[in-house]
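Counting convention: from 1, in listed order, for ligands and their atoms alike.
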Amino acid sequence: MSDCLFCKIIAGEIPSSKVYEDDVCFAFNDIAPQAPTHFLVVPKAHIGSVSEVDGSNSAVVAHIFEVIAKLAGEQGMESYRVVSNIGEQAGQSVFHLHFHVLSGRDMTWPPG
Ligand code: AMP
């Protein structure tokens, strides 16, 4: 989508601190990290949120989780949290599907 921030990051129109890229997804460090390690993994194809995942695109989500496991292993992350906010009340501010990967500090549950 032409007005989507993450589509522009994927296209290189807005700079980012890239962590990983393949044909399906793109990972980059969050600009406002909430933990010592905090990166986002996003599909290259525009999907608005988890609410738009169905049989036509769920393989993309499965692939993203494989990538998250691979990156966590490579970075020696033994304990980490994966979060996807859906909708404004849950804290979603960018309406392109993304998974936060956070690690490196104690975390509480439930979240605030
Ligand atoms: P959410 O609030 O769950 O939609 O997450 C959006 C995330 O995108 C937030 O954690 C922001 O800090 C992050 N973010 C916004 N703009 C950028 C950017 N230009 N580069 C990297 N991360 C960003």
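Between the K44 side chain and the E21 main chain, no donor and acceptor come within less than 3.5 Å of each other.
Those atoms of ligand 1 that come under 4.0 Å of a heavy atom in A32, given as number and element, are 12 (O). In the vicinity of H100, heavy-atom distances shorter than 4.0 Å reach the ligand 1 atoms 1 (P), 3 (O), 5 (O), 7 (C), 10 (O). Here is the list of ligand 1 atoms found below 4.0 Å of a heavy atom in F28: 21 (C), 22 (N). Near I9, meaning under 4.0 Å from one of its heavy atoms, ligand 1 places the atoms 18 (C), 19 (N), 20 (N). The contact set between ligand 1 and F6, taken as ligand atoms under 4.0 Å from a residue heavy atom, comprises 8 (O). Those atoms of ligand 1 that come under 4.0 Å of a heavy atom in L5, given as number and element, are 15 (C), 16 (N). Here is the list of ligand 1 atoms found below 4.0 Å of a heavy atom in N29: 21 (C).
Given atom 1 (P) of ligand 1, the protein heavy atom at minimum distance is H98 NE2, 3.1 Å. In this structure, atom 4 (O) of ligand 1 lies nearest to the protein heavy atom S93 N, 2.7 Å. Closest to atom 20 (N) of ligand 1 among all protein heavy atoms lies I31 CB, 3.7 Å.
Atom 12 (O) of ligand 1 has its nearest heavy-atom neighbour, among V94, N85, D30, in D30.
The aromatic rings of H38 and H100 lie tilted to each other, with the angle between the two planes from 30° to 60°.
Between M107 and Y80 the shortest side-chain heavy-atom distance does not fall below 4.5 Å. Two residues are said to be in side-chain contact when any heavy atoms from C-beta on lie closer than 4.5 Å; R81 and W109 meet this criterion.
I64 is connected to L71 through a chain of hydrophobic side-chain contacts under 4.5 Å among Ile, Leu, Val, Met, Phe, Trp and Tyr, so both are in one cluster. Cluster membership for V50 and V83, using ILVMFWY side-chain heavy atoms within less than 4.5 angstrom, is not shared.
Contact check on K70 versus E66 returns no salt bridge, with no Lys/Arg side-chain nitrogen under 4.0 Å from an Asp/Glu carboxylate oxygen.
Ligand 1 is approached by G91 to a heavy-atom distance shorter than 4.0 Å.
Ring centers of H98 and H96: at least 6.0 Å apart, outside the cut-off.
Results of the side chain to side chain contact (heavy atoms under 4.5 Å, CB included) test with F99 over V67, N85, V61 single out V61 as the only residue that passes.
Inclusion of P15 in the set of residues having an N or O under 3.5 Å from an N or O of ligand 1 is not warranted.
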